[in-house]
Amino acid sequence: MAIDVDTNERTAAPAAALSFDNISMVFPDGTHALEDVSFSCVPGTFTTVVGPSGCGKSTLLKIASGLLEESAGSVQVERDRVGYVFQDATLLPWRNVLRNVELLAELNGVSKAERKEKAMTAIETVGLAGFEGHHPKRLSGGMKMRVSLARALVRDPSVFLFDEPFGALDEITRERLNDEVQQLFADKAFAGLFITHSISEAVYMSTQVLVMSARPGRIIDRFDIPFAYPRTPDLRFTPEFAKLSGDISRSLRGGHS
Amino acid sequence: MTLTESAPDDTTIVSSSTSTIVDDTSTSDTSTRKGSGVGRFVGSLGPPAITFAAIIGLWYAITYLLLEERRRFLLPPPHEVFDTGIYSFGSGEWGNNLGDSIQGTLLTGRAALVGLIIACIIGFTVAIMMSQSKYVERALYPYAVVIQVIPILALVPLIGFWWGFNFRSRVIACVLIALFPIIANTLFGLKSTEQGHHDLFTLAGASRWTRLTKLQLPAALPAIFTGLRIAAGGSVIGAIVGDFFFRRGEPGIGRLLDNYAKDLQTADLFVAVILSSILGIVFFVVIGFIANRLLRSWHESEGTAT
Ligand SMILES: Nc1ncnc2c1ncn2[C@@H]1O[C@H](COP(=O)(O)OP(=O)(O)OP(=O)(O)O)[C@@H](O)[C@H]1O
Ligand SMILES: [Mg+2]
């Protein structure tokens, strides 16, 4: 299934899987992380947030998933169908790949047979079939990230949150995983909310890119990315791609000053 | 785009027409197991065997080169110790006191083991309670430290006074020595779970109990075993010290050591020392073995090589 999303044409918008309404966040110590953030993620859209370090991007995802509670505003999301991929793979080192992927289903009380079946499917989807019995110690960084993806997939997420998931990987592995996530997105049509420091990654993956200002983070710009899926690596060398990247980069620098 | 110098760690072909991501991951699957069983055995026993030979050599040197003839009873040569204390090839007889010494060692070992088990039960419980509540931790931890810093000898009269000068008091001496390392290390392990892992459990709405059993306890295992190793050594020492002071009932190896020394039975004394070392080693090795079994598949501290 290829999705040709053009977010400019919002006719009869489908119900948002995740929506932020006037979210503000002030930490108990007075750190003002987010200010009046509003946007929503519809199934079949992939939203990427870029912004200077410390502007509150991770905070936004934590609020979306319920790990943090917003100070003001409201979030609407189906909590138990949120897939969350952290910056680190955060695998439990004493569990093998299969048992790591099963974890969330196990904690939610899914029966043994059912969760194993789900986990095996997810492991296959991320291309790790045959590695079920391996412990994280024996996996490369890219493979660990895939296990982490598979673990999130088991929840059959309607919303997929990614917090700089591939920042620690080398460029080739990163681009490969970009394509895999894109593939998953095309297949499952979840609502994606992605965070990255790489503008190129943002443009390549997304249907829209939101630019955040320095702290307190506000959404200062929004770019629709019109390219059809599936996108191929060559897209990165087209003039349209370069122009969008340039615009976003300028917007980011503007937000800094 | 610049091609990076780093090679990909796993090869993936993404085909956009299929619904799954095809991956011909061919990363090496072979675990590295070096050498044959026999080779490894010799390899691991070689170095300590050399040390052993050196010690025996040094022993002979001291006996024959350093000590004058009339003072040689202080350190009889190894073969004499063996002959008198363990087995005489000349007369074909076992050492007179060997049986007693072995029995004493087993009894002391039993005190140490029972003490260690009790210390584990109390220690794990207390550490888990502390990990669940800051309040409990603040209320109990100072007293755990107190138990640790009071010299066990200072408590000997009190223990004897309350529980009698028998086997039970020897066990209590073991518990007192073994308790703190278990509490401190278990608590440290339970508290050093990664925040990312906690977040994961929070996302799944895990209960406290689930978090404890499926996250904190497994994560604490390496630290728990560090504590157990220290506690096991301490428990053996506690049992031997206990033998010295709590002399009612069957004598343990500590009491026999004391007797042999008083009666100038040097050979028997040496055998007793060796037996008590073996006791300590057995405790250490058994715990090391269990740790290796439980941790080797995932923790850095327990690789394939030991
Ligand atoms: N628990 C907390 N208590 C107080 N301040 C916090 C807390 N968590 C985050 N902050 C602060 O809130 C701000 C936003 O943090 P956040 O982690 O969301 O930034 P970020 O945009 O994800 O940064 P980066 O790109 O570096 O990951 C930072 O200044 C951070 O120091
Ligand atoms: Mg962050």
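Sequence lines set the chain letters: A, B, ... in the order given, protein chains first and strands last, and positions in each chain run from 1.
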Q: Which atoms of Arg95(A) come close to chain B, meaning under 4.5 Å heavy atom to heavy atom: side chain ones, backbone ones, both, or neither?
A: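 Just the side chain, heavy atoms under 4.5 Å.
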Q: Please check if the number of heavy atoms outside Arg110(B) that lie under 6.0 Å from its CZ is greater than 12.
A: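 Not more than 12 within 6.0 Å, no.
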Q: Using side-chain heavy atoms (C-beta onward) and a distance below 4.5 Å, is Trp298(B) in contact with His135(A)?
A: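 In short, these two side chains touch, coming nearer than 4.5 Å.
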Q: Using heavy atoms and a sub-4.5 Å threshold, report which of residues 212-220 of chain B line up against chain A, by residue number.
A: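 Listed by number: Lys214(B), Leu215(B), Pro218(B), Ala219(B).
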Q: Between Ser297(B) and chain A, with a heavy-atom cut-off of 4.5 Å, which part of the residue counts as in contact: side chain, backbone, both or neither?
A: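 The answer is both parts of Ser297(B).
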Q: Using a 6.0 Å cut-off, check whether atom CD of Glu69(A) has over 12 heavy atoms from anything other than its own residue.
A: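 12 or below, so no.
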Q: Name the member of Leu107(A), Leu91(A), Thr232(A), Asp88(A) that forms the most heavy-atom pairs with chain B at distances under 4.5 Å.
A: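 Top option by heavy-atom pairs under 4.5 Å: Leu107(A).
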Q: Nearest 0.5 Å, please: how far is CZ in Phe86(A) from CD in Glu194(B)?
A: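 The CD atom of Glu194(B) sits 11.0 Å away from the CZ atom of Phe86(A).
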Q: Could you tell me which non-hydrogen atom of Arg155(A) sits nearest to which non-hydrogen atom of Ala204(B), and how far apart they are?
A: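 Smallest interatomic distance, heavy atoms only, reads NH2-CA, 4.0 Å.
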Q: Determine the option with the most heavy-atom pairs under 4.5 angstrom with chain A, choosing from Asp199(B), Leu294(B), Thr210(B).
A: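 Ranked by contacts with chain A, first place is Asp199(B).
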Q: For the interface with chain B, which of Leu92(A), Leu103(A), Leu104(A) has the highest count of heavy-atom pairs at distances below 4.5 Å?
A: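 Among Leu92(A), Leu103(A), Leu104(A), the one with the most close pairs to chain B is Leu92(A).
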Q: Does atom CZ (Phe284(B)) have a neighbourhood of more than 12 heavy atoms from anything else shown, all under 6.0 Å?
A: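 Counting neighbours around CZ of Phe284(B), 12 or fewer heavy atoms of other residues, nucleotides or ligands fall under 6.0 Å, so no.
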Q: Heavy-atom cut-off 4.5 Å, strictly under: side chain, backbone, both or neither for Asn108(A) against chain B?
A: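 When you check distances to chain B, only side chain atoms of Asn108(A) fall under 4.5 Å.
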Q: Hey, are the side chains of Val82(A) and Leu203(B) touching, using non-hydrogen atoms and a 4.5 Å cut-off?
A: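 A side-chain contact is absent here, since even the closest heavy-atom pair is not under 4.5 Å.
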Q: Can you give me the closest heavy-atom contact between Thr90(A) and Gly196(B), atom names plus distance?
A: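 So the two residues come closest at CG2-CA, 3.9 Å.
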Q: Count the heavy atoms of every other residue, nucleotide or ligand shown that sit under 6.0 Å from CD of Glu240(A), and state whether that count exceeds 12.
A: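 Yes, because the 6.0 Å sphere around CD of Glu240(A) holds more than 12 heavy atoms from other groups.
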Q: Might you point out which heavy atoms bring Arg151(A) and Leu200(B) nearest each other, and give the distance in Å?
A: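 Distance-wise, the nearest heavy atoms are NH1-CD2, 3.1 Å.
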Q: Please classify the contact of Leu177(A) with chain B as side chain, backbone, both or neither, using a heavy-atom distance under 4.5 Å.
A: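 Neither the backbone nor the side chain of Leu177(A) comes within 4.5 Å of chain B.
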Q: Are the side chains of Leu221(B) and Trp94(A) in touch, meaning some heavy atoms are under 4.5 Å apart?
A: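 Counting from C-beta outward, Leu221(B) and Trp94(A) never come under 4.5 Å.
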Q: Which donor-acceptor pairs under 3.5 Å do the side chains of residues 119-129 of chain B make with protein atoms, sequence neighbours left out?
A:
{"from": "Thr125(B)", "atom 1": "OG1", "to": "Ile121(B)", "atom 2": "O", "distance (Å)": "2.5"}

Q: So which of Asp80(A), Leu67(A), Asn96(A) has the largest heavy-atom pair count under 4.5 angstrom toward chain B?
A: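 Among the listed options, the one with the most contacts to chain B is Leu67(A).
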